[in-house]
Visitor: 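Questions regarding the structure given below will be posed in turn.
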Protein chains: 2
Amino acid sequence: MQSVELTNLYKCLCDVLRLRILNLLKEGPLCVCHLQEILGETQVKTSKQLQYMKKLGVVGARREGVWMVYSLPEPTHPVLLANLHCLQADTDGFGDLIGDLKKRSVILRRFAANPGECPPAVYQATDGCQG
Amino acid sequence: MQSVELTNLYKCLCDVLRLRILNLLKEGPLCVCHLQEILGETQVKTSKQLQYMKKLGVVGARREGVWMVYSLPEPTHPVLLANLHCLQADTDGFGDLIGDLKKRSVILRRFAANPGECPPAVYQATDGCQG
DNA sequence: TCTGCATATACTTCTTATTGCATATATTAA
DNA sequence: TTAATATATGCAATAAGAAGTATATGCAGA
């Protein structure tokens with residue numbers, strides 16, 4: 001493992017939007033459109049940041065039907081995990097992070113109600129970390 | 001504490017030279033010229049990276065005579081410390097880091113022999129972490 | 001004041017990121 | 001094949017960072 005350069009991890013973490021994305025992916029895989037919905041960002045911006053991180057090997061992607069499912073690679077680099085974990089504690093100016101996770105939960109419940117709105121891999125990620 | 005934005009920390013960590021500098025400062029304060037000597041980099045390059053990190057509030061600086069002594073601010077952001085700590089473990093392509101610390105020790109011993117080659121604050125940092 | 005050492009700044013060039021807009025691709029369903 | 005949805009890419013403009021050369025500043029000692 002850890003073919004990922006540490007500096008690449010930090011390159012991803014040093015932008016707030018990427019940080020928010022990684023914080024979400026830590027809980028489970030998500031498609032571009034759902035990240036977009038949670039983050040309140042445009043499709044292009046979201047997609048491009050994902051491309052950026054994918055090129056650096058920090059996130060992985062696979063197609064499922066119409067959707068591209070993005071996720072943290074397994075096994076995820078321990079340094080990345082450790083930092084994402086810290087984020088929860090350090091909420092200076094990052095109120096978004098917890099709000100993002102709440103929005104994610106809402107969306108996941110919506111998927112449970114009507115699958116077909118996302119690929120199986122996404123709504124199967126039923127970790128109920130935060131309600 | 002922690003007026004430092006997390007993203008600023010990561011901005012500093014995502015460059016190898018800055019990473020090496022922080023790794024050194026973790027052990028104690030150093031002047032530009034000594035960092036320069038340990039890192040094998042030019043004065044301008046070293047100085048500029050220090051300016052960059054100073055502007056982001058990640059390192060502090062004070063003048064002592066001819067020298068500018070750079071150091072990690074007290075108290076140092078826990079996330080920064082945690083990451084610098086991880087570096088020791090994760091040595092993929094970072095053989096430099098340990099080598100840097102060894103060079104630092106050599107230099108510190110030299111200072112002990114003849115002070116006047118550096119400001120007091122530097123050679124007084126006698127943490128003998130690695131020999 | 002002049003010299004020398006340590007450090008910073010100005011200026012230029014080059015590369016890398018960021019963003020938006022428009023458009024293309026891929027997949028599925030009709 | 002066509003339409004609709006999800007996603008990616010190309011292009012252009014701008015900003016931010018990196019690196020080098022030259023030069024300036026700040027301090028100490030003669």
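Values reported hereafter were calculated over all heavy atoms of this structure, with side chains retained and with hydrogens, waters and symmetry mates removed. Keep in mind that this is a model prediction, so the values were computed, not measured. A note on names: the letters A, B, ... follow the listed sequences, proteins ahead of strands, and every chain is numbered from 1.
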Visitor: Report, one line per pair, each donor and acceptor closer than 3.5 Å where one atom sits in a side chain of residues 63-72 of chain A; sequence neighbours left out.
Guide:
from     : atom 1 : to       : atom 2 : distance (Å)
Arg63(A) : NH1    : Gly65(A) : O      : 3.1
Arg63(A) : NH1    : Val66(A) : O      : 3.4
Glu64(A) : OE2    : Arg62(A) : NE     : 3.3
Glu64(A) : OE2    : Arg62(A) : NH2    : 3.3
Tyr70(A) : OH     : Gln51(A) : NE2    : 2.9

Visitor: Applying the side-chain contact (heavy atoms from CB on, under 4.5 Å) criterion to Leu97(B), which one of Asn23(B), Val16(B), Leu84(B), Leu24(B) satisfies it?
Guide: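 Between Leu97(B) and the candidates, side-chain contact (heavy atoms from CB on, under 4.5 Å) is satisfied uniquely by Asn23(B).
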Visitor: What is the 5' to 3' range of DNA chain D, first to last nucleotide, that sits under 4.0 Å from any heavy atom of chain A?
Guide: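 Listing 5' to 3', DNA chain D meets chain A from dT5(D) to dC11(D).
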Visitor: Can you sort out the partners of Asp15(B) under side-chain hydrogen bond (donor to acceptor under 3.5 Å, both in side chains), two or more places apart, ordered by chain and number?
Guide: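 So Asp15(B) forms no side-chain hydrogen bond (donor to acceptor under 3.5 Å, both in side chains) with any residue.
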Visitor: If the condition is salt bridge (Lys or Arg N to Asp or Glu O under 4.0 Å), which residues does Lys45(A) pass it with, not counting sequence neighbours?
Guide: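 For Lys45(A), the residues satisfying salt bridge (Lys or Arg N to Asp or Glu O under 4.0 Å) (neighbours in sequence not counted) are Glu41(A).
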Visitor: If you look only at distance, which donor and acceptor atoms sit under 3.5 Å apart when one is on a side chain in residues 32-40 of chain B and the other is two or more places apart or in another chain?
Guide:
from     : atom 1 : to        : atom 2 : distance (Å)
His34(B) : NE2    : Glu117(B) : O      : 3.3
Glu37(B) : OE1    : Arg110(B) : NH2    : 3.2
Glu37(B) : OE2    : Arg110(B) : NH1    : 2.8

Visitor: Assuming nearest nucleotide by heavy-atom distance, tell me which of Gly65(A) and Thr42(A) is located more 5' along DNA chain C.
Guide: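 Taking each residue's closest nucleotide, the earlier one in sequence belongs to Thr42(A).
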Visitor: Report, one pair per line, the protein and nucleotides 15-18 of chain C atoms (nitrogen or oxygen only) whose separation is under 3.5 Å.
Guide:
from    : atom 1 : to       : atom 2 : distance (Å)
dT18(C) : OP2    : Arg18(A) : NH1    : 3.0

Visitor: So which heavy atom on Leu56(A) is nearest to which on Cys12(A), and how close?
Guide: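 Looking at all heavy atoms of both residues, the shortest contact is CD1-SG, 4.0 Å.
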Visitor: Would you jot down, in residue-number order, the residues of residues 110-118 of chain A having a non-hydrogen atom under 4.0 Å from DNA chain C?
Guide: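 Result for residues 110-118 of chain A: none.
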Visitor: By side-chain contact (heavy atoms from CB on, under 4.5 Å), which residues pair with Val44(A), not counting sequence neighbours?
Guide: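 Val44(A): side-chain contact (heavy atoms from CB on, under 4.5 Å) contacts with Thr42(A), Lys48(A).
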Visitor: Using the 3.5 Å cut-off, write out each protein N or O paired with an N or O of nucleotides 8-11 of chain C and the distance between them.
Guide:
from    : atom 1 : to       : atom 2 : distance (Å)
dA8(C)  : OP1    : Gln51(B) : NE2    : 3.2
dA8(C)  : OP1    : Tyr70(B) : OH     : 2.5
dA8(C)  : OP2    : Ser47(B) : OG     : 2.8
dA8(C)  : N7     : Gln43(B) : NE2    : 2.9
dA8(C)  : N6     : Gln43(B) : OE1    : 3.3
dA10(C) : N6     : Lys48(B) : NZ     : 3.4

